[in-house]
Enquirer: 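Here it is, the structure in full.
In this text the structure is predicted, and so the values were computed from the model without any measurement. The chains referred to below are lettered A, B, ... by the order of the sequence lines, with proteins before strands, and numbering in each begins at 1. Note: hydrogens, waters and symmetry copies are ignored here, and every other heavy atom, side chains too, is used.
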Amino acid sequence: MPIKLEQVDFVYAGGSPFERAALKGINLSFLDGEFVGIIGQTGSGKSTLVQMLNGLLKPTRGTVTVNGLVTTAKGVKLKSLRQEVGLVFQFAEYQLFAETVAADVAFGPENQGVPASEIAERVDQALLNVGLPLEIKERSPFELSGGQMRRVAIAGVLAMNPKVLILDEPTAGLDPRGRDEILSRIRELHRQRGITVILVSHSMEDVARLVDRLVVIHGGQIVYDATPREVFAHGSSLKTYGLGVPQATEVLGLLKAKGWAVPEVALTLDEARQAIVRAYQLRRELA
Amino acid sequence: MDILDIADLHHIYRGHEGETIALAGVDLVVSEGEFVAVIGRNGSGKSTLAKHFNAILLPGGGRVLVAGLDTREEALLWSVRQMVGMVFQHPDNQIVATVVEEDVAFGPENLGVPTAEIIERVDASLRQVNMEDYRTHAPHLLSGGQKQRVAIAGILAMRPRLIVLDEATAMLDPIGRSEVMSTILRLNREEGMTAVLITHHMDEAVKANRVVVIDQGQVVLSGTPAEVFSQYKLLEALGLDVPVAAKLSILLAESGLPLPAHILTAEQLVDELCRLN
Ligand SMILES: Nc1ncnc2c1ncn2[C@@H]1O[C@H](COP(=O)(O)OP(=O)(O)OP(=O)(O)O)[C@@H](O)[C@H]1O
Ligand SMILES: Nc1ncnc2c1ncn2[C@@H]1O[C@H](COP(=O)(O)OP(=O)(O)O)[C@@H](O)[C@H]1O
Ligand SMILES: [Mg+2]
Ligand SMILES: [Mg+2]
């Protein structure tokens, strides 16, 4: 399910005094099996962009093509598209509606026509994938804590086995272990099933260690589209875009300024550890 | 003066599938002027606890005193609510007006603040959260993080004695989050406003005077950030974590670098590393 955006503009409330250009001249493709991160300041257009990818929003100008279908074409069937392109919304817990957690998670696969015999299994698997105990199945989703609701909402999309999984700030509100576990599960799904994953995140740590490609949006335009290592070498411009670098990179930057022989970027703590140990040994030899 | 004095607080939710014990005997005292961070895994009871601070929920057992006032006394409700300003996880639930500046003015208007002062307060609060350019915008058209900042401004405009932020920075970008954090720190240090910050970001909790860890409806650990975050194994077992710089220091110590314990920030780590040579 390759996705391609060509010259995409999007304007909210066009023609009204509240008119707001949220995306300007976006050219972007997502290939099958990619793991792509999207970062950008609050209001930069990330949520608007990802809602284009399953036809929920349609471009004001330009085209969005998903698996050969142009979302603005006449008579295009967006329903099947939405079943293959799973989107976990930014405030996903608002989307909960059913009486029980189990019914909520089952809704997607039921709509896809998954046989009843298979649904129970999908629901259990999805709940385990987001770290929820199965006892929670019969509870009302509205009687859960914020983080528990968020997990139920993610499970609902996972249960649909989408070919493309889009997550809009999925880990906001999750505790540290939940954050790590859910992202690790998503990486496994990506590796095992080859699904495309598009992750919108405010965590530089998470995108640095997970994604192969990182798209940076600022003011509705793409300012970087490169590997995380390339992007995070631009610490000072990222700051002007309201962003930052992973702390592993920040520590290296501070050490470099003090004359340490360390590389500019570390994507993981382990990488930073190795670089610092090496530089430390070098300094001792020189001293 | 203790702004919060909570003893043996219990709370049980009676849902359609039976009972959930959310708080099982919480003891917690917060003094005026403190900045306390509360951490704990999903479902541990943090939000439930916060809702007892301004009598949104009432004790199922034990008691909550807010500046000495018992939240169970109905006659005191107004005074309690006036002292405690809450910013919740989801800003949409708290936005009431169709224009940002009206939304921010809503709280002080309800408190009967004179118009001239309201205008001043709205200006100041919007500036504090960097949203002054949006004062005439429609809040529901803002993105998630922008709404969050408006909600915080609305609380600041009420000038509460205690501000409680329940994951209020969760949706902000890194710069926005650090702006809100420095706003809270400034209000706390310069204006003496007491703050309770519920967060899943250990790097935010480090900025507080005290960190309180909740698990299964009880306080399981409380101390300075250095004390609490030295308990790496316990925190991990509770589904929590230590700040990134602390984790990196632990890794470096494991690799044989003679670093001291209790490093919490990137700056501290770099200072200590430079001191090694
Ligand atoms: N309205 C409700 N009705 C029934 N049970 C509830 C309700 N709200 C919360 N609970 C339950 O009470 C417990 C504590 O929930 P609370 O919202 O206080 O957790 P929390 O620590 O704030 O979690 P999070 O980090 O996910 O926000 C959980 O077991 C939760 O499922
Ligand atoms: N429903 C909406 N109506 C009008 N404007 C909107 C709406 N949603 C978002 N916007 C505006 O569009 C821009 C991009 O918003 P959004 O895509 O939500 O950004 P992000 O997800 O990067 O925070 C912002 O200026 C925001 O205020
Ligand atoms: Mg968004
Ligand atoms: Mg909560």
Enquirer: Report the option among Gly239(B), Ser255(B), Ala266(B) that has the most heavy-atom pairs separated by less than 4.5 Å from atoms of chain A.
Expert: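 Counting heavy-atom pairs under 4.5 Å, the top option is Gly239(B).
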Enquirer: Taking NZ in Lys256(A) as the centre, count heavy atoms belonging to other residues, nucleotides or ligands within less than 6.0 Å. Is the count above 12?
Expert: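 Yes, enclosed.
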Enquirer: With sequence neighbours left out, write down each residue that passes side chain to side chain donor-acceptor pair (under 3.5 Å) with Gln41(A), or none if nothing qualifies.
Expert: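 Gln41(A) satisfies side chain to side chain donor-acceptor pair (under 3.5 Å) with no residue once adjacent residues are dropped.
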Enquirer: Flag the pair His234(A) / Phe232(A) as yes when their ring centroid distance falls below 6.0 Å, and as no otherwise.
Expert: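 No, the ring centres sit 6.0 Å or more apart.
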Enquirer: Using non-hydrogen atoms only, which part of Ser47(A) is less than 4.5 Å away from chain B: side chain, backbone, both, or neither?
Expert: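 Nothing of Ser47(A), per the 4.5 Å heavy-atom cut-off to chain B.
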Enquirer: Does any backbone or side-chain atom of Thr199(B) lie under 4.5 Å from a heavy atom of chain A? Answer side chain, backbone, both or neither.
Expert: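 For Thr199(B), no heavy atom lies under 4.5 Å from chain A.
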Enquirer: Determine the minimum heavy-atom distance between Leu165(B) and Ala168(B), stating which atoms define it.
Expert: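 Closest approach of Leu165(B) to Ala168(B), heavy atoms only: CD2-CB, 3.8 Å.
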Enquirer: Name the region of Leu269(B), side chain, backbone, both or neither, that has any atom closer than 4.5 Å to a heavy atom of chain A.
Expert: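 When you check distances to chain A, only side chain atoms of Leu269(B) fall under 4.5 Å.
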Enquirer: How about residues 132-139 of chain A versus chain B: which residues have heavy atoms under 4.5 Å apart?
Expert: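 Checking residues 132-139 of chain A against chain B gives Glu138(A), Arg139(A).
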Enquirer: Mind listing the closest non-hydrogen atom pair of Ile39(A) and Lys46(A) along with its distance?
Expert: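 Of all heavy-atom pairs spanning Ile39(A) and Lys46(A), the closest is C-CD, 3.9 Å.
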Enquirer: Give a yes or no on whether Gln216(B) atom CD has more than 12 heavy-atom contacts from other residues, nucleotides or ligands under 6.0 Å away.
Expert: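 Check fails, neighbour count at 12 or below.
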Enquirer: Measure the shortest side-chain to side-chain distance between Leu235(B) and Val213(B) over non-hydrogen atoms and say whether it is less than 4.5 angstrom.
Expert: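 Touching, per the 4.5 Å side-chain cut-off.
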Enquirer: Can you tell which part of Leu174(A) gets under 4.5 Å to a heavy atom of chain B, answering side chain, backbone, both or neither?
Expert: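 It is both, since atoms from each part get that close.
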Enquirer: Any idea which of Glu250(A), Arg179(A), Glu99(A) has the most non-hydrogen atom pairs under 4.5 angstrom with chain B?
Expert: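 Heavy-atom pair counts peak at Arg179(A).
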Enquirer: Go through the steps to decide whether Glu204(B) and Arg177(B) satisfy the test salt bridge (charged side-chain N to carboxylate O under 4.0 Å, His left out), and finish with yes or no.
Expert: CA-CA 9 Å; Glu204(B) 290 181 356; Arg177(B) 172 175 295 158; 3.2 Å; yes
Enquirer: Is atom CG of Leu58(B) surrounded by more than 12 heavy atoms (other residues, nucleotides or ligands) closer than 6.0 Å?
Expert: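 Atom CG in Leu58(B) is packed in, count exceeds 12.
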Enquirer: Can you tell which of Leu251(B), Leu238(B), Leu252(B) has the highest number of heavy-atom pairs within less than 4.5 Å of chain A?
Expert: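 Heavy-atom pair counts peak at Leu251(B).
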